[in-house]
Every structure is written in structure tokens, then in C-alpha cells.
> 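Provided herewith is a single structure, encoded as C-alpha cells, for subsequent inquiry.
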Amino acid sequence: MKTHSVTLIPGDGIGPEVTHAACRIIDASGARIVWETAHAGASVFLKGVASGVPKETMDSIGRTRLALKGPLETPVGFGEKSANVTLRKLFETFGNIRPIREFPGVRTPFSGRGIDLVVVRENVEDLYAGIEHMQTAGVAQCLKLISRKGCEKIVDLAFQVARSEGRSSIHCATKANIMKLTEGLLKRTFEERAPQFPGIRAQHIVVDNCAHQLVKKPEQFEVIVTTNMNGDILSDLTSALVGGLGFAPSANIGHEVAIFEAVHGSAPKYAGKDVANPTAMILSGVMLLRHLGEMEAAARIEAAVVVTLAEGKTVTRDVVGDARAAGTRAFTDAVIANLGRSLPEWRARPHKPLIIPAPAASSVPVTPKDRRTVGLDVFVESDKTPDVLGGLLTQLGSASGFTLKMISNRGTQVYPVRGASTDCVDHWRCRFLYGAPNGDLPLDKVHGLLGSLQSAGLRWMHLEKLQEFDGKVGFTKAQGED
Ligand code: NAP
């Protein structure tokens, strides 16, 4: 049997307990892993490393190309960036595979429905690019960036996951009905790529209905491919269908590196108490073994976990409540003792090696034959009323060669007025059109417009070109705009 080197990041909170459990079981399964321990997260932030991921850890993952990672704490709403997101982005692990399956012995309101699905979440783009700005003292912005290349990679990976697991259907869950350009790009890419995977039924579903259907009839889903934020939320929901976050493993897949971790966080209230359920981390280890081609060891561990849960004698508090609960260590001992056993009625899913699609060189860059800039959205801070601001901007715009098309506030057109009763703030998007027949806007015209706004005492903080690509409009209308 081959020996593999894997970086082990114990993580924060319950992380050291659950990663220790997973390593003990993997070592007992017969797989030969050399663990290279490295650190990230809270202890690293405390040492003043702003990314939460020190160079030694980056070097270790760069060497082994594989990591089993405990959860890492991220301060909520303040402080440094998430070390998790940093790791996913720096190693370009673009796909996050999150399977869940109903386990015998784990009673939930959905028991007996045969839930067995996998969420494939885009892992590096979307709002998680973390590009945020305070545009005024009272208005914050987060840029949602979605690329065609990113969509192609995640869609192809999701179809390959379906193939490797013998699945016959795949849903693409987006909010393309509202975010037609960003979420719509994933939908369009999915519909374009689907014919390349005959035999797998492909359908789109609006993400809010997907959440609804997951609770109403979860057994209808096999694979769900979705954007980063949607996938984060949907996969916590799907974990709850089978008993909670203690049962949800995941793999962060890239072309160079793969990082395996439980979906759950550091659950600080349970840290060091020997109560956390290590199943999610153990099953993340099973995914790691399958990735390494160690199918037999993976199947042995999965079968032992299933037997332990089905017997229900030694299981954690999230399964049986406090009165009858066993600790993390005792559950781990029970799984090790059950290695080699299996439950006759449990049918292991056949796993063929996952083919990670190579990025299509032809899709980069996406070059249009024709591109035209037809105007500008200028974001302006002002305490004027819409009418006063509209009158002033109409004059300033026409003196600079632009026509003021409309002003919106928090996404709704407020000038010219359309009878909306918008509760305005001091942050206005002002849409100026320029009658350029071809090509880009002349820079002196842009300078002229911005200069005139500034001279009139208006503070501008953000500019967005209004572009058309091959005759297709590359921007959306405000609510209420003609
Ligand atoms: P969390 O740590 O996942 O915990 C939420 C709840 O899930 C817990 O209170 C517990 O529910 C249950 N739970 C999670 N793991 C469990 C396990 N192994 N066994 C049994 N129950 C488990 O989420 P959070 O409290 O929102 O986040 C805590 C910290 O973790 C934050 O700093 C967050 O940023 C970080 N985080 C990290 C990752 C990651 O590293 N990938 C992911 C998510 C969050 P009950 O209260 O019902 O018992």
C-alpha cells in the first residue's frame, strides 16, 4: 500500500478533538498516511499574522497538496478576513463538494425518506471575494463577482461528481430571476454545458424554491450545483435534514490542491468538552481517502461509522441527547472497534475516481467581437431631494455631453419620479447616457462630467461604465426604470 503525506490542521474550538478522531480512525483503517501538522486560525491571528495562515502552513500544503483541516474561527462582523476563505482562495480550490446521506440510527423528521444528495458549491467567487467598501459613512457595498470561467469550472465539476457517483440528475440552483447577469451567468453556463453530459437530467431551480423543496421533498435531489453564498446556506440546511452539522463532510477541490474539512465551524461552546460529534470530520477523511484512490480503506471506515450509528450504543449527544450520550473519544473508539463490520442493509454508493476537469484555455479571456460604452452610472453622495438633484444633474450632464437618464436610490428609480415611495438615503446612482456611436467613452468627457459634479459640491464615490458586448446590454435597469 502506498504512503501519502497529508497536511493536518487541527483548527480551533472542537477542531483538535474531531481531527484527532478522524486521524486515529484513518490510521486504524490500514491506510498509510504521514500527517504533517500545521496551524491556521485563531492561534495564528493572535500571533499577529493577519491572514490567519502562516507561511509554514502554506509551504506544507504546497508540498503535500492535500490537507485535512479542522474548523477555523472567524470574528463575525469585524476583524481579520476568514482564514478558511484565505486557504480556499490562495490554493484556488474552486469547488466545494458537500454530500449528505441519511444514516441508520440517526432519527430526524426526515428518517425513511432515503435522502442522499450532494451540494456542489462554487468556492472562490461571488460575495465571498470579500470586496467591500463603505461608499458613504452610512452605505456599505459588497461586490458580487461571477466569472464565466468560474461558472464553467464549477458546472463541469458538478457533472463529473454526478458521473463519479452514478447520479442521474442534477439541479442548478440560482437567483437568476433577480440577479440576471451574475446568478444568470451560472444558469446560462449550466444550460450550455449540460448537453455534454448525456444521461444526466439537468434542470434549473430558483434557489429559494430549492430551499423549500429540500425541506418538502428532499429525496428528489441528487446533485445541486450553486454559487458560493447559496451553497453555504443550502448545505447547512441539507446537513440538518440528516441530523445536523455533525454529519456533513466536505472536500474543497482545486486543480493543484484539495482540502478536506467538516462543513461545521469550531462550535466554541463545546470546545474541550469531549461532546462534539466527529462524524463530519471522519467522513471528510473518507472523502480524502477516495481522492487518494484508497477506496477500500474509505469503504471500511464508512461502513464502521454506519454500524456504530445504527447500533446506537455509543453515539454523541446530538444523536441521543445528553442522558445517553457518549463522548467524542468513546464514539471514535467504537468506530475503530467496528472496522471490518458492515450493515447488510446499507448500500455503499459506488464511487469511481472523480475526474477534475481541466480549465478550458479557450474560455480565457472572453473576447467580444464588438464592445460599446453607452454611458456611465455615477454614484453620488448628496443630501438633496431627488427632484433638486435630478434638475441639477440634468444641467451638469448636458453641459458635458451626457443625458441624465434616471437616478435611483437603493435600487429604485426616484428621478424622473414614477410614483414610488422610496425611503431614500444619501447615496444616489445617477445614470448618464452618452451618444457614442462606437467604442469607448472619450476620457475627457468623463473627466468633464466628474469635474462639473465636484465643482457643484457633489461628492462622487464610484463609477461604473454602461457597456454593450456584441449588441447585448451589459447592465440591468433600476426598479421602475423604462
Ligand atoms: P458551528 O461552529 O458550526 O456551530 C453551530 C452549531 O452546530 C453548534 O452550536 C451545534 O449545534 C452544531 N454543531 C456544529 N458542529 C457540531 C459537531 N461536530 N457536533 C455536534 N454539533 C455540532 O457554527 P457557528 O457557531 O456559527 O461558528 C463558530 C465559529 O466557526 C465561527 O468563528 C465561524 O466563523 C467558524 N466557522 C468555521 C468554518 C470552517 O472552518 N469551515 C465553518 C463554519 C463556521 P447545537 O447548538 O444545536 O448543539
Side-chain angles (χ1 to χ4, degrees), residues 8-22 25 38-46 51-53 57 67-89 91 93 96-98 100 103 106 108 119 121 123-124 128 130 228-229 231-252 258-285 287 305 308-309 315-322 325-332 335:
L8 174 69
I9 301 175
D12 301 322
I14 59 172
E17 295 162 80
V18 294
T19 49
H20 183 60
I25 294 171
H39 295 281
S43 60
V44 178
F45 283 130
L46 281 177
S51 67
V53 187
T57 303
L68 184 67
K69 182 183 92 53
L72 306 179
E73 246 169 62
T74 313
V76 179
F78 67 95
E80 302 297 351
K81 287 212 177 258
S82 158
N84 293 304
V85 177
T86 299
L87 274 172
R88 288 171 195 167
K89 289 180 78 66
F91 289 106
T93 56
N96 192 333
I97 302 173
R98 299 185 156 192
I100 52 122
F103 287 110
V106 183
T108 75
V119 174
R121 163 188 174 192
N123 214 24
V124 290
Y128 288 63
N228 204 339
M229 176 89 164
D232 194 3
I233 298 167
L234 284 186
S235 59
D236 264 36
L237 186 159
T238 56
S239 81
L241 300 174
V242 296
L245 283 166
F247 293 95
S250 81
N252 299 282
I259 301 174
F260 298 81
E261 61 178 330
V263 169
H264 64 69
S266 59
K269 66 182 176 184
Y270 296 138
K273 295 190 175 154
D274 191 37
V275 296
N277 182 352
T279 302
M281 187 56 74
I282 298 167
L283 295 177
S284 304
M287 295 178 83
V305 168
T308 312
L309 292 171
V315 287
T316 46
R317 55 172 291 287
D318 52 331
V319 184
V320 283
D322 285 319
T328 311
R329 277 193 300 271
F331 177 78
T332 307
V335 173

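In listed order, ligands and their atoms are each counted from 1. Any value given below was found using the heavy atoms of this structure, including those in side chains, with hydrogens, waters and symmetry copies removed.
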> Between Arg88 and Glu261, does any side-chain N to carboxylate O distance fall below 4.0 Å?
yes
> Please work out whether any backbone atom (N, CA, C, O) or any side-chain heavy atom from C-beta onward of Thr74 is under 4.0 Å from ligand 1, and answer side chain, backbone, both or neither.
both
> Using a 3.5 Å cut-off on N or O atoms only, is Leu72 in polar contact with ligand 1?
yes
> Tell me which part of Asp318 gets within contact of ligand 1: side chain, backbone, both or neither, using heavy atoms under 4.0 Å.
side chain
> Taking 4.0 angstrom as the limit and counting only heavy atoms of Leu245, give me the atoms of ligand 1 inside it, by number and element.
3 (O), 7 (O), 14 (C)
> Which one holds for Pro268 and ligand 1: side chain close, backbone close, both close, or neither close, with close meaning a heavy atom under 4.0 Å?
side chain
> Tell me which part of Lys269 gets within contact of ligand 1: side chain, backbone, both or neither, using heavy atoms under 4.0 Å.
side chain
> What residue among Lys269, Glu17, Arg317 forms side-chain contact (heavy atoms from CB on, under 4.5 Å) with Val275?
Arg317
> Between the side chains of Lys69 and Asn252, does any donor sit under 3.5 Å from an acceptor?
no
> What are the atoms of ligand 1, with element, lying closer than 4.0 Å to any heavy atom of Asn277?
17 (C), 18 (N), 19 (N), 20 (C)
> With respect to atom 42 (C) of ligand 1, which of Val263, Thr316, Asn84 exhibits the smallest heavy-atom separation?
Val263
> For Ala267 and ligand 1, does the shortest N/O to N/O distance drop below 3.5 Å?
yes
> Which option wins on minimum heavy-atom distance to atom 36 (N) of ligand 1: Gly13, Ser239, Ala21, Gly265?
Gly265
> Nearest non-hydrogen contact with atom 14 (C) of ligand 1 belongs to which option: Lys69, Glu17, His264?
His264
> Is there a polar contact between ligand 1 and Glu73, counting only N or O atoms under 3.5 Å apart?
no
> Give the atoms of ligand 1, by number and element, whose distance to some non-hydrogen atom of Arg317 is under 4.0 Å.
48 (O)
> Do Asp232 and Tyr128 have side-chain atoms, one donor and one acceptor, less than 3.5 Å apart?
yes
